[in-house]
Amino acid sequence: MSTRRLRPVIQDFKPYVPGLSIDEIKAKYGLTRVVKLASNENPLGVSPLARKAAERAAALGFRYPQNHNPALVEAIAARLGAPVENVVVGHGSDEMIDLLLRVVGRDGDHVICWSHAFSMYRLTAKLCGLECREVPRDPDAPLPLEALAQAADEKTAVVFVTSPDNPTGRAARLDELRALADRLPGDTILAVDEAYVDFARPLEAHGALPLALERENVIALRTFSKAYGLAGFRLGFGVMPPWLAQAMTRARIPFTIGVADEAAGIAALTDEVFLAATLEAVHAGIDRLTAGLAELGCSVGPSQANFLMFTPPRPARDVFQGLLERGVIVRPLASFGLPERIRVSVGTEEENAFFLRELAEVLRG
């Protein structure tokens with residue numbers, strides 16, 4: 001087939017490629033049980049209230065949702081104490097990233113993030129015709145906010161800060177984010193990707209929401225995939241100044257969030273019991289896994305997220321493969337440019353114990 005009508009960027013574009021599914025791994029290695037601790041999903045599953053709401057809404061699956069999902073916007077705004085005109089929802093935070101770059105990126109602009117960062121910044125920028133510049137960073141050091149500030153200039157459309165960061169788990173404090181926003185050029189947007197911020201301790205010292213409500217150049221991006229257990233429903237949102245919210249709303253493709261997705265999101269926001277149980281399980285799991293990994297001779301850093309990054313005493317690729325053959329899926333970090341490291345998500349108490357037992361066996365060789 002001819003490719004002459006393709007944009008040049010598409011011809012060498014390399015999309016995200018997910019790993020094998022649980023069923024594929026069971027079949028490949030002859031396993032009856034596989035524990036997935038690779039994708040930073042909620043260890044407790046789906047909010048019961050959200051599941052029931054989605055089931056009820058399925059009867060309306062033949063209807064289009066109300067465009068721009070005003071009921072979901074109102075529920076998010078009420079939950080966060082934000083004006084509705086500051087909130088935009090999307091089909092996962094990935095859609096929010098894409099929308100942001102399409103709305104504010106102009107010819108000759110670039111975006112900035114740090115190295116070993118979430119791949120969607122780079123991939124989406126490329127599809128939008130924007131250069132993505134990465135500042136170097138040491139994954140064992142604090143987040144390189146100063147380097148971001150120094151790299152920004154008048155052609156910088158967006159500066160991305162992932163906080164808590166994937167894959168390190170490190171987080172920026174609100175006062176650090178405010179100082180960074182102060183130093184950026186007037187037309188540059190500071191986009192704080194807060195997919196994991198609900199797990200930060202304490203939340204009020206790290207969340208960028210106050211900054212997004214008081215500044216004209218800050219957007220806080222959040223998701224229902226992690227703390228609310230709705231990764232499969234693909235719900236995300238952004239809190240931002242009204243001028244940007246209006247522009248992104250106008251640019252949104254109609255009906256990207258379905259009726260069941262919206263119902264699940266609204267219900268999840270009311271499920272205080274599930275959220276509290278999730279935070280308790282994740283915080284206890286982080287503490288247990290940190291201690292367990294250290295006991296096994298792994299180097300592990302602090303994390304404000306629902307996962308840990310660690311360096312095993314044996315080659316990471318061998319450890320990953322050994323765990324996989326024993327029915328434990330973790331995330332090798334070669335795709336992040338960190339081939340010597342592994343990321344493990346917090347599971348249930350039993351799954352965490354299973355992971356540590358199997359890791360001990362793999363490390364014994």
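Quick note: residue numbers are just sequence positions, from 1.
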**Partner of Ser47 by side-chain hydrogen bond (donor to acceptor under 3.5 Å, both in side chains), out of Asp271, Asn42, Thr278** = Asp271

**Asked** Can you get from Val158 to Leu123 by hopping between Ile, Leu, Val, Met, Phe, Trp and Tyr side chains that sit under 4.5 Å apart?
**Response** yes

**Message:** Around atom NZ of Lys26, are there more than 12 heavy atoms from other residues, nucleotides or ligands closer than 6.0 Å?
**Reply:** yes

**Request:** Write down the atom of Cys132, the atom of Ala125, and the distance for their closest heavy-atom approach.
**Result:** CB-CB, 4.2 Å

**Asked** Got Leu211 and Val192 here, is their nearest side-chain heavy-atom distance under 4.5 Å?
**Response** no

**Residues in side-chain hydrogen bond (donor to acceptor under 3.5 Å, both in side chains) contact with Glu350, at least two apart in sequence or another chain** = Arg33

**Fill in**
Tightest non-hydrogen contact, residues Gly186 and Asn217, listed as O-CB, 4.4 Å

**Request:** Before giving the answer on salt bridge (charged side-chain N to carboxylate O under 4.0 Å, His left out), spell out for Glu146 and Arg183 the whole-Å C-alpha distance, their side-chain angles and the decisive distance to 0.1 Å.
**Result:** CA-CA 9 Å; Glu146 174 62 25; Arg183 295 187 56 187; 2.4 Å; yes

**Pairwise ring pair (Phe, Tyr, Trp, His ring centres under 6.0 Å) hits with a residue in residues 198-233, at least two apart** = Phe224-Tyr228, Phe224-Phe237

**Asked** Minimum heavy-atom separation for Ile257 to Pro65, with atom names?
**Response** O-CG, 3.1 Å

**Message:** With clusters defined by side-chain heavy atoms of hydrophobic residues (ILVMFWY) lying less than 4.5 Å apart, directly or transitively, does Tyr196 cluster with Leu203?
**Reply:** no

**Prompt:** Does the pair Arg79/Glu272 count as a salt bridge with the N-to-O cut at 4.0 Å?
**Reply:** yes

**Item:** Side-chain heavy atoms of Pro339 within contact of Leu333, under 4.5 Å
**Value:** no

**ILVMFWY network linking Leu209 to Leu190, side-chain heavy atoms under 4.5 angstrom** = no

**Request:** Scan for salt bridge (charged side-chain N to carboxylate O under 4.0 Å, His left out) pairs involving residues 116-131, sequence neighbours excluded, and state none if there are none.
**Result:** Asp12-Lys126, Arg122-Glu134, Glu131-Arg133

**Prompt:** Is there a side-chain contact between Asp153 and His110 (heavy atoms, below 4.5 Å)?
**Reply:** yes

**Message:** Can a donor-acceptor pair be found, under 3.5 Å and without considering hydrogens, that links the side chain of Arg314 to the backbone of Val362?
**Reply:** yes

**Request:** Could you pull out the closest heavy-atom pair between Thr223 and Ser93, with the gap in Å?
**Result:** CB-OG, 4.3 Å

**Asked** How far apart are the C-alpha atoms of Thr168 and His116, what are their side-chain angles, what is the distance that settles it, and do they pass the side-chain contact (heavy atoms from CB on, under 4.5 Å) test?
**Response** CA-CA 9 Å; Thr168 69; His116 319 306; over 6 Å; no

**Asked** Ser163 and Arg173: side-chain donor and acceptor closer than 3.5 Å?
**Response** no

**Message:** Once rounded to the nearest 0.5 Å, what's the spacing between atom CD1 of Ile97 and atom CD1 of Ile219?
**Reply:** 9.5 Å

**Asked** Under the side-chain contact (heavy atoms from CB on, under 4.5 Å) criterion, do Thr124 and Asp94 qualify, and how do the steps go?
**Response** CA-CA 9 Å; Thr124 305; Asp94 291 348; over 6 Å; no

**Prompt:** So do the side chains of Arg341 and Pro167 get within less than 4.5 Å of each other, counting heavy atoms only?
**Reply:** no

**Asked** Hey, are the side chains of Asp261 and Leu72 touching, using non-hydrogen atoms and a 4.5 Å cut-off?
**Response** no

**Item:** Heavy-atom side-chain contact between Tyr121 and Thr162 under 4.5 Å
**Value:** yes

**Request:** Answer whether the closest heavy-atom distance between the side chains of Leu235 and Val89 falls below 4.5 Å.
**Result:** no

**Item:** Pair listing, salt bridge (charged side-chain N to carboxylate O under 4.0 Å, His left out) test, anchored in residues 207-226, at least two apart
**Value:** Arg178-Glu214, Asp182-Arg215, Glu194-Arg222

**Request:** Mark yes or no for whether Thr270, through its side chain, and Ala267, through its backbone, hold a donor-acceptor pair below 3.5 Å.
**Result:** yes

**Prompt:** Given the rule in the side-chain contact (heavy atoms from CB on, under 4.5 Å) test, do Leu359 and Leu293 qualify, once you have shown the distances and angles that lead to the verdict?
**Reply:** CA-CA 9 Å; Leu359 177 60; Leu293 287 167; 3.5 Å; yes

**Message:** Assess the residue pair Met240 and Val218 against the criterion (side-chain contact (heavy atoms from CB on, under 4.5 Å)); give the C-alpha distance rounded to whole Å, side-chain angles, the decisive distance to 0.1 Å, and a yes or no.
**Reply:** CA-CA 6 Å; Met240 66 202 79; Val218 178; over 6 Å; no

**Asked** Has Asp107 got more than 12 heavy atoms of other residues, nucleotides or ligands less than 6.0 Å from its CG?
**Response** no

**Request:** Evaluate the salt bridge (charged side-chain N to carboxylate O under 4.0 Å, His left out) criterion for residues Glu361 and Arg364: first the C-alpha distance (whole Å), next the side-chain angles of each, then the deciding distance (0.1 Å), finally the verdict.
**Result:** CA-CA 5 Å; Glu361 293 298 319; Arg364 288 191 188 104; 2.6 Å; yes

**Message:** Assigning hydrophobic clusters by single linkage (Ile, Leu, Val, Met, Phe, Trp, Tyr; side-chain heavy-atom cutoff under 4.5 Å), is Leu184 placed with Leu221?
**Reply:** no

**Message:** Show every salt bridge (charged side-chain N to carboxylate O under 4.0 Å, His left out) that has at least one partner inside residues 62-75, sequence neighbours left out.
**Reply:** none

**Complete:** Residue pairs meeting salt bridge (charged side-chain N to carboxylate O under 4.0 Å, His left out), one or both in residues 280-306, sequence neighbours left out, come to Arg201-Asp287

**Single hit among Val300, Asn352, Leu308 for side chain to side chain contact (heavy atoms under 4.5 Å, CB included) with Val344** = Leu308

**Request:** Could you check if a side-chain atom of Leu127 sits within less than 4.5 angstrom of a side-chain atom of Asp98, using non-hydrogen atoms only?
**Result:** no

**Message:** Same cluster or not: Phe320 versus Val35, using hydrophobic residues (I, L, V, M, F, W, Y) connected whenever any side-chain heavy atoms lie under 4.5 Å apart?
**Reply:** yes

**Asked** Can you find a side-chain donor-acceptor pair between Asn166 and Arg343 that sits under 3.5 Å?
**Response** yes

